[in-house]
K.L.:
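This is the structure I have questions about; it appears just below.
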There are 4 protein chains.
Amino acid sequence: MIAIAVSEEIFIFVCKTESFIMPKAKDPDKAKAIHRAAMMLVIETGFSGLKMADVAKEAGMATGTLYIYYKSKDELINDIYLETKKEIIALLTNPNLVTETFYTAYRNRWFAYFNYCLKNPEKMLFVEQFLYSGYIEESIYNQVEELFKPLNQFLLDGQKNGLVKQLDIEILKAQMEGAIHEIIKMTVKRGKTLDAELKHECFNMAWDSVKQ
Amino acid sequence: MIAIAVSEEIFIFVCKTESFIMPKAKDPDKAKAIHRAAMMLVIETGFSGLKMADVAKEAGMATGTLYIYYKSKDELINDIYLETKKEIIALLTNPNLVTETFYTAYRNRWFAYFNYCLKNPEKMLFVEQFLYSGYIEESIYNQVEELFKPLNQFLLDGQKNGLVKQLDIEILKAQMEGAIHEIIKMTVKRGKTLDAELKHECFNMAWDSVKQ
Amino acid sequence: MIAIAVSEEIFIFVCKTESFIMPKAKDPDKAKAIHRAAMMLVIETGFSGLKMADVAKEAGMATGTLYIYYKSKDELINDIYLETKKEIIALLTNPNLVTETFYTAYRNRWFAYFNYCLKNPEKMLFVEQFLYSGYIEESIYNQVEELFKPLNQFLLDGQKNGLVKQLDIEILKAQMEGAIHEIIKMTVKRGKTLDAELKHECFNMAWDSVKQ
Amino acid sequence: MIAIAVSEEIFIFVCKTESFIMPKAKDPDKAKAIHRAAMMLVIETGFSGLKMADVAKEAGMATGTLYIYYKSKDELINDIYLETKKEIIALLTNPNLVTETFYTAYRNRWFAYFNYCLKNPEKMLFVEQFLYSGYIEESIYNQVEELFKPLNQFLLDGQKNGLVKQLDIEILKAQMEGAIHEIIKMTVKRGKTLDAELKHECFNMAWDSVKQ
DNA sequence: CATGAATGAGAGTTCATTCAT
DNA sequence: CATGAATGAACTCTCATTCAT
């Protein structure tokens, strides 16, 4: 390693990385492992059955380690919610989904979300359960509300063009989201699988319900 | 209550009747009061926040009294679920709902359930949350499944007559139930009220989604 | 038991005490047992070694029971302090201690406190340790300060009559209290006993130090 | 600190010297920094509130570093006690304090200790608290006892010459030490300052209490 | 039957200590 | 030698359940 004095207080060090002690950063994979473990356990046993000791064991670490990454059980749970919601928003605002016609754009979004839920039922269930778990913190709730606002515009455009029923946007969203969630839940609960055709029929129901 | 010592062993107590526990016969209303209290508290604080002491307080009795009516917290919660589900089944199999055409019969049933949820959101929410609370006992779950089977016939008839989409009955039910629940939840959360017209539009969405 | 209706809502009940279910009151002896146990353990192991489980065991009850009487460990410790300080104040403001001359009154007070400390070294030690334990709550501290103020007047009178050195009252009190505590601590630590004569010589030191 | 990648393996770091850990010989000041930090924190938060992580932070180093200088928290605390006591003994056995008359020698010693406590209240408080903290190790306690013995001779000489009250030496020491500590504690607690005159009056109290 | 103080197993969290970097 | 993330035993506190009154 070479040290060059620039001034009395400022130095330049040139060195190979491995010979320089990098401050050991908090392991970003650990936070994700904790997320995953906690989410799975919530689905298995509910929020009331979630124990930090179990999360630690499932994530392959000591209990104390959880508290390096999250201040408390509450914070952990709220953070999982927030991160999952952000993931969903990123998914639904993906520019790739935008297409020429409203119908195809709607279909793209519906399938994106439907497939996401089908692939990550634990995430969908977690988010659903969370809202009535008693763990939610208002600030987190509001933050998520804010993030979702841009998505409303899409449906408003559909209404303006006379393609979507003239109803409160929140009702339209509830209709679609509620149906998707319930279908996925039923699917998981009964161990069913949905082939492409079945998915398309589910989509048709969704479209039929909201189309003008 | 005022206590006046007449002698070392004899006291006079002056009190309002309700603050003096008169020995009385087993109160059949108590079980219902416990139900109501527990359900409200689950909605407010989630299953993880439900404490027997709070249930007792909310129901206006001592903790010990709860255990006269229910063997345990688990049993209490499962019983609430079972009773609520029975109430819903009774509602949906009410002979008054049967009418000439499939459409009107469907409409009657949809409105019956929708209005029930709107009037008793705590019951609907309790039932929804319960399934993933970790409290559910398999025997109770199976019992409820059994009770609901007769209702499927109604939709099967609709399909036979070409009025309802040719889809797995469970998917159809999930579509309808999920949408209703989500709309009600949104309504409650945002403090909205639904007038007759709005309800009808919600029904239209439901009908559009399942009709052939 | 005889019940006499005074009005529709007010009743008079006359009964032998044992035939009337008295609401089971929190046992006042338990609170004292907890005090005693906690105090002893603090002296033995210091505040840092005080464990609620040990307090419970020493007091002959379950851990949970402690929390019926005290909201937290902090509150328990602060309450012990407050109660002990109140006891000391009651002792020092006992009208029996007042006598004709300032000297005899001072002597009475000094001996009252010295003997109290000698008989209850654990209380004295607890109070001494407490102030720097990190457990003290400001409100409790202020409350005690307030209660002690009346005692200052006694020394002020001594100064007015030219019997006591003209020094800040707080310094005079510190001189006396510090000396007493340290002598008692030494006595306890070394397992010494103080006979009447020795006590009197200790008093003479105290008096010599403050007298004009 | 700024890191600039020159290649995949070579980096340039620009930083203020103090934020870059230069490999250096074992720093003899570190043990003292740890002492100071621990002592301050004990005074602020008591022994029960002393955390090794806080000591490290206060001393400007990592937790692990503490364990290079001290085997354990216990050892650290006991070492602080021992070192402080040694410092006090060195102070009181300073040959400069010896003078012609017993009175002036006594006065010199009293002022030396009083001023030491006034200047280092944290040390005095630490030592006071330590004895009842539950951390003390018997070997350390005995070692300190042994070191203090020579000081007794001084008072014994005073008694032989009829200048000091004929009382157990330990009682005399307790009287003096207790008074000094309590006056200093009061001073610190109330934010008072003691001028030369006031100090002298404190000394007079001390002298009056022990003089024959 | 009704009460609520008492119980104690079990949960969340902390923190002295270790060790790979 | 210095670091600080990781560890897990041990602590405080909670709460479902019991039982004497």
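Values in this document were obtained by computation on a predicted structure and should not be read as measured data. Within every chain, numbering begins at 1; the chains are lettered A, B, ... in the order of the sequence lines, protein sequences first and strands thereafter.
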K.L.:
Tell me the interatomic distance from Asp27(A), atom CG, to dT3(F), atom P, rounded to whole angstroms.
P.N.:
21 Å
K.L.:
Looking only at side-chain N and O atoms, does Lys30(C) come under 4.0 Å of OP1 or OP2 in dA6(E)?
P.N.:
yes
K.L.:
Within the structure provided, determine whether Ile77(A) and Leu50(A) are in side-chain contact (heavy-atom separation under 4.5 Å).
P.N.:
yes
K.L.:
Mind checking side-chain hydrogen bond (donor to acceptor under 3.5 Å, both in side chains) for Lys73(C) and listing every partner two or more places apart, or none if nothing turns up?
P.N.:
Tyr135(C)
K.L.:
With Asp79(D), which residues qualify under side-chain hydrogen bond (donor to acceptor under 3.5 Å, both in side chains), at least two apart?
P.N.:
His35(D)
K.L.:
For Tyr70(C) and dA5(E), give me the distance from atom OH to atom P, rounded to whole Å.
P.N.:
15 Å
K.L.:
Can you tell me the distance, in whole Å, between the CG atom of Asp29(A) and the C1' atom of dA5(F)?
P.N.:
14 Å
K.L.:
Distance check needed: dA16(E) C1' versus Glu75(D) CD, whole Å only.
P.N.:
14 Å
K.L.:
Could you go through Leu66(B) and Leu76(B), starting from their C-alpha distance and side-chain angles, then the distance that decides it, and tell me whether this counts as side-chain contact (heavy atoms from CB on, under 4.5 Å)?
P.N.:
CA-CA 9 Å; Leu66(B) 298 181; Leu76(B) 164 60; 5.5 Å; no
K.L.:
Would you say Tyr69(C) reaches dA6(E)'s phosphate, i.e. side-chain N/O to OP1/OP2 under 4.0 Å?
P.N.:
yes
K.L.:
Sequence neighbours excluded, which residues qualify as salt bridge (Lys or Arg N to Asp or Glu O under 4.0 Å) partners of Lys57(C)?
P.N.:
none
K.L.:
Taking all heavy atoms of Ala37(C) and all of Val55(C), pick out the closest pair and write down the distance.
P.N.:
CB-O, 3.7 Å
K.L.:
Check whether any side-chain nitrogen or oxygen of Tyr67(C) sits under 4.0 Å from OP1 or OP2 of dC13(F), and answer yes or no.
P.N.:
yes
K.L.:
So, taking the atom named CD1 in Ile43(C) and the one named CZ in Phe126(C), what distance separates them when rounded to the nearest 0.5 Å?
P.N.:
7.5 Å
K.L.:
Sequence neighbours left out, what passes side-chain hydrogen bond (donor to acceptor under 3.5 Å, both in side chains) with Glu83(D)? Give chain and number order.
P.N.:
none
K.L.:
Return the residues of residues 40-66 of chain C meeting this criterion: a heavy atom under 4.0 Å from some atom of DNA chain F. Order them by number, or give none.
P.N.:
Leu50(C), Lys51(C), Met52(C), Gly64(C)
K.L.:
For DNA chain E, which consecutive runs of 3 or more Watson-Crick or G-U pairs (each distance under 3.5 Å) count as stems?
P.N.:
E:2-21 with F:2-21
K.L.:
Hey, what do you get for CE (Met61(A)) to OH (Tyr69(A)), rounding to the nearest 0.5 Å?
P.N.:
7.0 Å
K.L.:
Could you tell me how far apart Ile68(D) (CD1) and dC19(E) (C1') are, to the nearest whole angstrom?
P.N.:
12 Å
K.L.:
Return the value, rounded to whole Å, for the distance between atom CD1 of Ile34(A) and atom P of dG12(E).
P.N.:
14 Å
